Q: 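Please find one structure pasted underneath; my questions will follow.
The model shown is predicted, which means the values in this text are computed figures rather than measured ones. The chains referred to below are lettered A, B, ... by the order of the sequence lines, with proteins before strands, and numbering in each begins at 1.
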There are 2 protein chains.
Amino acid sequence: MPAQQQNAGAPRSGAPKRGGRPAPHPSPSGDDRSLWATTAIRSAILNGEYSPGERLVEASLCERFSLSRFLVRAALQDLAGEGLVEVQRNKGAHVRKVSLAEAVEITQVRMVLEGLVAAEAAKRVTDAQAAELDEIRVLMRHAVEASEFRRYSDLNQRLHNLVRAIGSHQTAENILARLHGQLVRHQFAVSMLPGRLAVSLPQHERIIEAIRARDPDGAEAAMRAHIASVIDALHSLAEIGLS
Amino acid sequence: MPAQQQNAGAPRSGAPKRGGRPAPHPSPSGDDRSLWATTAIRSAILNGEYSPGERLVEASLCERFSLSRFLVRAALQDLAGEGLVEVQRNKGAHVRKVSLAEAVEITQVRMVLEGLVAAEAAKRVTDAQAAELDEIRVLMRHAVEASEFRRYSDLNQRLHNLVRAIGSHQTAENILARLHGQLVRHQFAVSMLPGRLAVSLPQHERIIEAIRARDPDGAEAAMRAHIASVIDALHSLAEIGLS
DNA sequence: GTCGGCATAAGTGTTGACAATCATGCTGGC
DNA sequence: GCCAGCATGATTGTCAACACTTATGCCGAC
């Protein structure tokens, strides 16, 4: 994925040398270390152990994860394909830094894709799945009443995952998974905006209702309306100055 | 530059199962062979020189493109990330075979993404771009009147490219480019269906009109309607038995 | 004849070393 | 003091050889 803007960035004030990384060794060996290497580095990035723009030196990664350089390189190439890191020839790999404008673009794409998936879900939903949707709705209401941010956020994730599962659209799911990784950071900020919870709940309820009613167009519209409001929230983040 | 590496690669016994590949050497050397390797193998696949499901043996590719195994492997991994090839551990790489069901999924995703891009295009179109759109419309009409399939197909491509350019949506464009590569074969078959030309023209005209009228919702709807009809065509391909 | 098991070939996975390139600090002249 | 140019260290790019896995064909037992 070509980045539109190269941040030729001056070395930021942040510490280039970190005292010490966690250095976890849950399974440094095994049958398929290639897959594990990619997974390990990916989750390190997603957990924020490497910040956006930070350089990923192959030798350091080798040491930290007890991997050969071969595997590290393969993993970095994979992650570059996922849009999580960016590699420049002879310059090495960096954690990709997504600007707010890019975050908006990504969310727009999410909007239309999740809309598609929601429509498919409305066509295919089974009674059991409908019941599970309803269960999530109830739990969400309780979470909002109790103002439990964390719980609501988990339910939000669970709802979107369930909708994707019901929709069973491999192609869309793959792309969504890729995009999701690229803006974990931004999404977190959005969910923290004041009043977001109360705005979000009725939108989610409308999505659930449309799918339960097996109304594809309604489900797509509801999903798009929901994510459109996330985009608005992103823009207001820009005004506040966070990103 | 460096001493030209000779690929001592494959001293195997007579292995050419095929009469012979074209074996083009337009630029076997240069400054960045890594990128060239990926490009070369990709276009070989897209040109149909390797058919879906066919195995891509590293040594053969080395010989054919005069590349080291290292570069071939890197290229295959890249193409796997693009969804053009599929690699199985210890089993090697194959040209990915997209089933008709997958082609439908991909086209559905294209539908919503191109819809998004069309809407953006309607918001941003300049007068000069509007004029170019109109030019394409005129040429399309002439092509249909003369029943010039090939010319119409080119114009179709040109129109979609122009819309993407106007829309300026990097994220959507990247995904669309990836998806496009995955179904060049199917798309060709669709455009050959009888009557496709006459059906397609008014749809394209509606897209052009909506963008020229700076009507985002109309543009999105028109684009979606157009690609939805391509999906119908794909289904009818299934009935005929082609794929 | 056919089926299981072994020997061998074909092909991929991985490694360590070396070359090329980029970043950095130093020297010397002005 | 400042800048060009070189020496040097750090980091990535590439290779050729080797290790491992999977496929293929042969052989003998039944």
Q: Which whole-number value in Å describes the distance from A/Leu67 CG to C/dG13 P?
A: 17 Å
Q: Could you check how far NE2 of B/His94 sits from C1' of D/dT22, rounded to whole Å?
A: 12 Å
Q: Look at the side chain of B/Asn90 and decide which nucleotide, out of D/dC15, D/dG13, C/dG13, has an atom nearest to it.
A: C/dG13
Q: Hey, is the side chain of A/Ser68 poking within less than 4.0 Å of OP1 or OP2 on C/dT15, counting only N and O atoms?
A: yes
Q: Using atom CH2 of B/Trp36 as one end and atom C1' of D/dT14 as the other, report the distance to the nearest whole Å.
A: 17 Å
Q: Give the nucleotide from the list C/dG11, D/dT14, C/dT14 with an atom nearest to the side chain of B/Phe70.
A: D/dT14
Q: Given that A/Leu71 and A/Lys91 both sit by DNA chain C, which one's nearest nucleotide is further toward the 5' end?
A: A/Leu71
Q: With rounding to the nearest 0.5 Å, note down the distance linking CD in A/Glu105 to CG in A/Leu100.
A: 11.0 Å
Q: Specify the residue among A/Arg55 and B/Ala93 whose closest nucleotide of DNA chain C lies further upstream toward the 5′ end.
A: B/Ala93
Q: Ring centroids only, cut at 6.0 angstrom: are A/His180 and A/His160 within range, meaning strictly under it?
A: no
Q: Locate the shortest heavy-atom distance separating A/His226 from A/Arg196; write the atom from each residue and the value.
A: O-NH2, 4.5 Å
Q: If you take atom types as modelled and just measure distance, does the side chain of B/Arg69 reach the base of C/dG11 with a donor-acceptor pair under 3.5 Å?
A: no
Q: Please report, rounded to the nearest Å, how far the P atom of D/dG13 is from the CD atom of A/Gln88.
A: 11 Å
Q: Take the protein atom CG of B/Asp32 and the nucleotide atom P of C/dA20, then report the distance between them rounded to whole Å.
A: 16 Å
Q: Rounded to the nearest Å, what distance is computed from the CD atom of residue A/Gln77 to the C1' atom of nucleotide D/dT14?
A: 13 Å
Q: Looking at B/Ala74, is its backbone amide N or carbonyl O close enough to the side chain of A/Gln77 to form a donor-acceptor pair, meaning the two atoms are under 3.5 Å apart?
A: yes
Q: May I ask you to say what B/Leu56 touches in the nucleic acid, namely base, sugar-phosphate or nothing, with a heavy-atom cut-off under 4.0 Å?
A: sugar-phosphate
Q: Rounded to the nearest angstrom, tell me the gap between atom CG in B/Asp78 and atom P in D/dG13.
A: 12 Å
Q: In whole angstroms, how far is the P atom of D/dT11 from the CD atom of A/Glu63?
A: 12 Å
Q: Can you see if the side chain of A/Arg33 gets near the phosphate of D/dC20 - specifically, an N or O under 4.0 Å from OP1 or OP2?
A: no
Q: If you compare every side-chain N and O of B/Arg89 against the phosphate oxygens of C/dT14 (OP1, OP2), does one of them come in below 4.0 Å?
A: yes
Q: Rounded at 0.5 Å granularity, tell me how far CG in B/Leu67 sits from CD in B/Glu58.
A: 12.0 Å
Q: Below 4.0 angstrom from OP1 or OP2 of D/dT12, is there any side-chain N or O of A/Arg73?
A: no
